[in-house]
Amino acid sequence: MSDQMKRIVLASRPDGAPTADNFRLEEGPVPTPGDGEVLVRVKYMSLDPYMRGRMDDAKSYAAPVPVGGTMEGGSVGEVIASNSPDFKPGDHAFGMLGWATHGVLPANQLRKVDPDQVSITTSLGVLGMPGFTGWQGLMEYGRPKEGETLVVAAATGPVGSMVGQIAKLKGCRVVGVAGSDEKCQILTKELGFDVAVNYKNSDFRAAFKAATPDRIDVYFDNTGGDILGSALFRMNAHGRIVCCGAVSQYDTSNPAGSPRGIPGLLVNNRVKMEGFLVFDFAQRYEEARTELLTWIKSGQLVPRMTEFHGLESAGEAFVELLAGGTVGT
């Protein structure tokens, strides 16, 4: 095959916040699929906050990307060669193909995507890992009830924007926390949140209190740090805190300590605080996909996406993502 493949590799491990210099573009021959494998030409790939953890050589729930290895990530594209009866050239497929223009995976590690149903980009967001994460974390751990108040941090991110919209569909009053007035406008004007608060404003604590007059029943945490600390002091008795991520701590070699008030506030208010990994619930993906797809088709769930063009832009785009410069997937 005469085509060349491009890929982004981890050139060096970051010290603090990643920079574009931590990534390197390489070219080489397009891989050839073996028995039972499928070759995909990537059209879109997603950049997600969890990838920051893969850049560090630290103990985690998944192995780090080795220096010189292809950056990990989910992609969707067109099948151009297949040694499996499950896929044929011209099909569209999603898989963990990494930051690359092409990828080969066994057929059982790919999911067929139907471009006639919805845009194939939804397989990276609403109908992909971010959407499943929001759905699973909210339904399994948040357990929202009609009339309750739900607060979600990093609310314009790929997970937060899903959580808030799903909570509204479940009858909750939804408060979003974001990092700019512009993002707060997106939450209330476009995504249907009831209130949005800018955590970067000097009056954040007062505004946060005003936004939660009946306190908080469910707090969906994507950030950790000071926002989690503020939420802890506003929880209702028997409230639920869903710990999904800690993006405020990803880019520092000296993560902040636990917010003050733990465990006292948890004990006094009988608050349940629990973390989860979406991969533990793979058996429920189809259930999530069915419900999310129904909401998308009915217009009740609005996918948001920030686009960057060309694989060469991936490093800078990822830096911008972590700095809060993007909306949605």
Side-chain angles (χ1 to χ4, degrees), residues 48-50 52-53 58-62 129-155 157-168 170-179 193 195-197 199 204-205 208-209 211-252 254-281 284 288:
D48 299 290
Y50 79 87
R52 175 62 184 86
K59 185 177 180 180
S60 184
Y61 59 86
M129 187 272 292
F132 296 163
T133 299
W135 184 91
Q136 182 61 53
L138 187 61
M139 304 307 291
E140 184 74 21
Y141 299 103
R143 303 187 306 281
K145 302 179 181 67
E146 187 171 354
E148 290 188 326
T149 294
L150 175 138
V151 175
V152 56
V159 174
S161 60
M162 290 297 98
V163 168
Q165 292 184 78
I166 295 171
K168 282 296 297 180
K170 297 298 181 181
C172 293
R173 180 177 182 273
V174 176
V175 180
V177 180
F193 284 52
V195 185
V197 185
Y199 73 88
F204 167 67
R205 290 188 182 278
F208 188 71
K209 184 176 181 179
T212 55
D214 296 322
R215 306 183 75 84
I216 301 170
D217 299 293
V218 183
Y219 173 58
F220 199 103
D221 186 36
N222 294 308
T223 63
D226 291 341
I227 302 173
L228 170 59
S230 296
L232 275 165
F233 281 87
R234 300 292 299 161
M235 296 301 297
N236 276 321
H238 303 290
R240 289 84 69 197
I241 298 176
V242 185
C243 297
C244 178
V247 71
S248 71
Q249 307 299 306
Y250 289 166
D251 286 342
T252 174
N254 297 297
S258 297
R260 64 189 181 91
I262 295 177
L265 291 170
L266 301 180
V267 173
N268 292 343
N269 288 324
R270 287 85 77 203
V271 171
K272 187 171 185 178
M273 183 175 185
E274 191 166 0
F276 76 102
L277 296 175
V278 68
F279 311 112
D280 294 337
F281 299 91
R284 297 193 69 186

pair Ser230-Phe204: side-chain heavy atoms closer than 4.5 Å: yes
Taking all atoms of both residues into account, what is the closest heavy-atom pair of Phe276 and Val242, and its distance? CE2-CG1, 3.6 Å
Heavy-atom nearest pair, Phe132 first then Ala288, reads CD2-CB, 3.9 Å
State, yes or no, whether a side-chain contact exists between Met273 and Asp221 at a heavy-atom distance under 4.5 Å. no
So, taking the atom named CZ in Phe233 and the one named CG in Leu265, what distance separates them when rounded to the nearest 0.5 Å? 4.5 Å
Just do the side chain to side chain contact (heavy atoms under 4.5 Å, CB included) check on Leu232 and Val271 with the steps written out, would you? CA-CA 9 Å; Leu232 275 165; Val271 171; 5.7 Å; no
Test side chain to side chain contact (heavy atoms under 4.5 Å, CB included) on Val152 and Phe193 and set out the steps. CA-CA 10 Å; Val152 56; Phe193 284 52; 3.7 Å; yes
With side chain to side chain contact (heavy atoms under 4.5 Å, CB included) as the test, would you mind laying out the steps for Phe220 and Val159 before giving the verdict? CA-CA 10 Å; Phe220 199 103; Val159 174; 3.8 Å; yes
Please determine whether side chain to side chain contact (heavy atoms under 4.5 Å, CB included) holds for the pair Phe208 and Ile216, giving the CA-CA distance in whole Å, both sets of side-chain angles, and the decisive distance to 0.1 Å. CA-CA 11 Å; Phe208 188 71; Ile216 301 170; 3.8 Å; yes
If the condition is side-chain hydrogen bond (donor to acceptor under 3.5 Å, both in side chains), which residues does Arg240 pass it with, not counting sequence neighbours? Glu148
Within a strict 4.5 Å, meaning less than it, do heavy atoms of the Pro144 and Leu138 side chains meet? yes
Within the distance-only criterion (no hydrogens, no angle test), does the side chain of Asp217 pair as donor or acceptor with the backbone N or O of Asn236 below 3.5 angstrom? no
Sub-3.5 Å donor-acceptor pair from the side chain of Arg173 to the main-chain atoms of Leu150, do we have one? no
Could you report the tightest heavy-atom contact between Ala167 and Val174, atom names first, then the distance? CB-CG2, 3.7 Å
Mind jotting down which residue pairs meet the salt bridge (charged side-chain N to carboxylate O under 4.0 Å, His left out) criterion with at least one end in residues 133-145? Sequence neighbours excluded, please. Glu140-Arg284
The side-chain contact (heavy atoms from CB on, under 4.5 Å) partner of Val151 among Val195, Val218, Val177 is Val177
Under 4.5 Å between any side-chain heavy atoms of Tyr219 and Leu228, yes or no? yes
Would the distance check show the side chain of Arg215 and the main-chain N or O of Pro213 forming a donor-acceptor pair, the cut-off being under 3.5 Å? no
Compare all side-chain heavy atoms of Asp48 with those of Met129 and state whether any distance is below 4.5 angstrom. yes
Any Ile241 side-chain heavy atom under 4.5 Å of Cys243 side chain: yes
With the side chain counted from C-beta on, respond yes when Met162 and Gln165 share a heavy-atom pair under 4.5 Å apart, and no when they do not. yes
